[in-house]
There are 2 protein chains.
Amino acid sequence: MVIYIGVIRLKSDYENNAKIIKALADPSRLKIIDILSCGERCACEILKHFDFTQPTLSHHMKVLADCGLVESRKEGVWNYYNLNTTNCNKLILFLMNLITDTEDCICKDKPKSTCE
Amino acid sequence: MVIYIGVIRLKSDYENNAKIIKALADPSRLKIIDILSCGERCACEILKHFDFTQPTLSHHMKVLADCGLVESRKEGVWNYYNLNTTNCNKLILFLMNLITDTEDCICKDKPKSTCE
DNA sequence: ACTCTATATAGATGGTCATCTATATAGGGG
DNA sequence: CCCCTATATAGATGACCATCTATATAGAGT
């Protein structure tokens, strides 16, 4: 017997994922993700790809790390960064579920409205 | 003979996609996408799912329509909205490419750096 | 023509954000 | 112990954004 347990998307699902998406909603941070997709990089190496200053990169890396898309590792003075691919995949999965007409949609308890 | 033509990601790719992602970086707009994933809805029906005012919804729908994630259709006084699934899929594909270590990465012209 | 409803526009407000400069911290090498 | 380099923090600034109220537009029914 298979019991299908529908996943109800909560307010917090939208909020938490919006936070992560907000972290991605910046051209520089998209480029950083692109760079890290090739493997681990240290901060000073990443910085070479950009025109902005070091404190600005520090800010961007903090944003990406805080939302879990990126992980960091300290080695002496150097900070190495890695993609957290699990969390990246989770975000993409969330988006794919969002745009797909699934059983767990917010609308399933209502008839198709045409504003009668 | 197969000639592989690498796709170089341009500054404008990051910028354009960041704009679309920015449109998604809001809990209310994620919820709107979720609602529209079940099919066409009119503005007044979407509004019922939220606590904010009608002008605020009008603003959100404009943001989603301007970036191409949503399409609208006028019928008398009513505005009907639909997901533009092609563009939604394009965005997700962009993200999947971004986090994948592909040949067309920004880093491929440089050796793996360890900041020597 | 009048009124009701659906939607858009204008302008204001309080909050957040990317970026900067200046400065602090902290590890490594001579 | 001092200096150089890597990184973080603080504080400021200008831009943008979500939301509101007030008002305009515009279609539909009586």
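Here is how names work: the chains are called A, B, and so on, in the same order as the sequence lines, proteins then strands, and each is numbered from 1. Because the structure is a prediction, the values reported are computed rather than measured.
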Next item on the list: Can you measure from CG (B/Asp66) to CE (B/Met61) and round to the nearest 0.5 angstrom?
Entry: 11.0 Å
Check: In whole Å, what is the span from the NZ atom of B/Lys19 to the C1' atom of D/dC17?
Finding: 16 Å
Notebook entry, point to check: Do the ring planes of B/Phe52 and B/His60 sit parallel (below 30°), tilted (30 to 60°) or perpendicular (above 60°)?
Noted result: tilted
Check: Between the side-chain atoms of A/Gln54 and the base atoms of D/dA8, is any donor-acceptor pair under 3.5 Å?
Finding: yes
Notebook entry, point to check: Atom CG of B/Asn79 to atom P of C/dT5: distance rounded to whole Å?
Noted result: 18 Å
Note to self: Could you tell me how far apart B/Leu24 (CG) and D/dC17 (C1') are, to the nearest whole angstrom?
What the structure shows: 16 Å
Notebook entry, point to check: Does a side-chain N or O from B/Thr56 land closer than 4.0 Å to OP1 or OP2 of D/dC20, or not?
Noted result: yes
Notebook entry, point to check: Quick one: OG1 on A/Thr100 to CG on B/Asn89, what's the gap to the nearest 0.5 Å?
Noted result: 8.0 Å
Next item on the list: Give a yes/no on whether any side-chain N or O of A/Thr53 is located under 4.0 angstrom from OP1 or OP2 of C/dC20.
Entry: yes
Note to self: So if I take residues 58-68 of chain A and measure heavy-atom distances to DNA chain C, which residues fall below 4.0 Å?
What the structure shows: A/His59, A/His60
Check: Just how far, in rounded Å, is P of D/dA6 from CG of A/Leu57?
Finding: 13 Å
Check: More 5' along DNA chain C: A/Phe52 or A/Glu75, using each one's nearest nucleotide?
Finding: A/Phe52
Notebook entry, point to check: Under 3.5 Å, is there a donor-acceptor pair between the B/Asn82 and B/Glu71 side chains?
Noted result: no
Notebook entry, point to check: Closest nucleotide of DNA chain C for B/Tyr81 versus for A/Asp51: which of these residues is on the 5' side?
Noted result: B/Tyr81
Checklist line | Gap between atoms NZ and P, on A/Lys74 and C/dA26 respectively (whole Å) | finding: 9 Å
